[in-house]
Peer 1: 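Just passing along the structure, written as structure tokens.
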Amino acid sequence: MASKLPSCTSTSRRHWIRLTRVCNQRCLFCHDRPNQNGGAAPWAKIRADLKTGRRNRCSRIILSGGEPTLHPRFIDIVALARDLGYSHIQVITNGRMFFYTEFLDRAIAAGLREITFSIHGHTARLHDAQTRAPGSFAQAIVGLRNALARRGLIVSADVVVNRMNVSQLKDILLFLIGLGVREFDLLHFSPFGDAWRNRRRIFYDAAAHLPQLRQALALSRRPDITLWTNRLPARYLDGFESLIQPPEKLHDEVTGRRADLRDWWQEAKPLPCRGARCRYCFLEDFCRDLASLCRDGRVPAKELPACLPRTSLRRPPTFIKTQEADLDGFVRFYTRYRYFHKGGTCVRCARRSGCAGVPIAHLRRAGPPKPLQAAHG
């Protein structure tokens, strides 16, 4: 049996750990709501999980939930991660606990290096309507200001882009930039949990809102701004190809659905979510290929387009589902040989018919290739 990938990929050396299954907000787009049972991970489990990350040579720990700062031993967990040798300790949070300066200072003293605040509006009315927690905006913004005032602490912001805020996305980013935030992650909705139940309120047609999206994405061209996208399909990022989510993060997406995907892989049990929500899901194309693999036992690589230099491979490989093959191996194969996109420049290419597009990795690194012209006799 081939070896399994650790939870942190070799390119990132990150280890994620869930501290709680409780939150003091009820965000309309929360895809994790079914897992929120009000509990907190026990100390022994957290300690073992942190040690697992270090054994896998992870140097960066990301603390998540639920709302991770609600864990009664949050400060102790940060200190333990530091003592175990993690060089970078980050928390993803709604930020409300950092309203309390003593709590913030204790976390920093324990070893916290980065705080990612989830802020979904630039006014209390817009933000609180999405979190369904009155007063959450005011408390989070005070926490954000407190964090920005601490020298050496990295502060970033997540924004879940949805029907309620997409038209004001640029204004939200400019508001946060005005406070001093310089790094952002724009998250596309995921069709699970409350997000699926509230889809009529939060799902939006990204194609119809491309002007607003592009205005926000254009802020990434400022030299003082770092911007990422998360789960936003590549078809909406023409002209911003470097912002396409890194292919390696597909491992994180698969990890989030690992139990169901493992059943599909091992026992041919299709995902219970297959159906109406697929067209909204970032894993749609991956799951389609996985379905083909489980049905046919093999999936071929896509042919490289004629606009790219030939590789040394005489013919593209095929992934064959054998007893030695594993799901992580297929993820690696998919990201290299199947994760392609046909962008806006492709429509002008003389070879566009029958072309599978360009590998995402190439698009992020080099941008779209020059379209080929028709030969003239």
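Start at 1 with the first residue, then count along the sequence.
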Peer 1: Hey, does the Lys NZ or Arg CZ of Arg54 hover above the aromatic six-ring of Tyr86, less than 6.0 Å from the centre and inside 45° of the axis?
Peer 2: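 Yes, cation above the ring, under 6.0 Å and within 45°.
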Peer 1: Can you tell which of Thr116, Ile77, Leu112 makes a side-chain contact (heavy atoms from CB on, under 4.5 Å) with Val91?
Peer 2: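 Between Val91 and the candidates, side-chain contact (heavy atoms from CB on, under 4.5 Å) is satisfied uniquely by Leu112.
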Peer 1: Would the Tyr204 and His209 ring centres measure less than 6.0 Å apart?
Peer 2: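 Between Tyr204 and His209, the centre distance is under 6.0 Å.
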Peer 1: When you compare the side chains of His71 and Asp76, does any donor N or O come within less than 3.5 Å of an acceptor on the partner?
Peer 2: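 Result is no, nothing qualifies.
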Peer 1: Using the rule ring pair (Phe, Tyr, Trp, His ring centres under 6.0 Å), only one of Phe333, Tyr339, Phe330 pairs with Phe286; which is it?
Peer 2: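 Result: among Phe333, Tyr339, Phe330, Phe330 is the only option passing the ring pair (Phe, Tyr, Trp, His ring centres under 6.0 Å) with Phe286.
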Peer 1: Compute both the distance and the angle, then confirm whether Arg257 meets the cation-pi test with Phe192: under 6.0 Å from the six-membered ring centre, within 45 degrees of the axis.
Peer 2: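 Relative to the ring axis of Phe192, which defines the angle, Arg257 lies inside both limits.
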Peer 1: Gln245 and Leu232: side-chain contact (heavy atoms from CB on, under 4.5 Å), yes or no, with the steps?
Peer 2: CA-CA 7 Å; Gln245 177 173 301; Leu232 186 63; over 6 Å; no
Peer 1: Contact between Arg163 and Phe189 at the side-chain level, heavy atoms closer than 4.5 Å - yes or no?
Peer 2: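 Arg163 vs Phe189: side chains apart.
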Peer 1: Which heavy atom in Asp105 sits nearest to a heavy atom in Arg150, and how many Å separate them?
Peer 2: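 Between these two residues, the closest heavy atoms are OD1-NE, 2.8 Å.
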Peer 1: Locate the shortest heavy-atom distance separating Pro305 from Pro359; write the atom from each residue and the value.
Peer 2: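 Closest approach of Pro305 to Pro359, heavy atoms only: CD-CD, 4.4 Å.
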Peer 1: Between Tyr334 and Phe319 (judged by ring centroids, cut-off 6.0 Å), do the two rings come close enough to count as a pair?
Peer 2: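 No: the rings miss the under 6.0 Å criterion.
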Peer 1: What's the shortest heavy-atom distance between Thr93 and Phe98, and which atoms?
Peer 2: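 Reported closest heavy-atom pair: CG2-CE1, 3.8 Å.
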Peer 1: Cation over ring, Lys321 on Trp265, under 6.0 Å and within 45°?
Peer 2: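 Output yes; distance and angle both within limits.
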Peer 1: Find out whether Lys170 and Gln212 are in side-chain contact, i.e. whether some heavy atom of one side chain is under 4.5 Å from a heavy atom of the other.
Peer 2: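 The answer is no, as the side chains (C-beta and beyond) never meet within the 4.5 Å cut-off.
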Peer 1: Could you tell me if Arg348 and Thr345 have a donor-acceptor pair between their side chains, going purely by distance under 3.5 Å?
Peer 2: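 Looking only at side-chain atoms, Arg348 and Thr345 do not form any donor-acceptor pair under 3.5 Å.
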Peer 1: Can you tell which of His122, His120, His127 makes a ring pair (Phe, Tyr, Trp, His ring centres under 6.0 Å) with Phe137?
Peer 2: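 Passing option: His127.
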Peer 1: Do Glu67 and Asn94 get their side chains close enough for a donor-acceptor pair, meaning under 3.5 Å?
Peer 2: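 There is such a pair (donor and acceptor under 3.5 Å, judged by atom type) between the side chains of Glu67 and Asn94.
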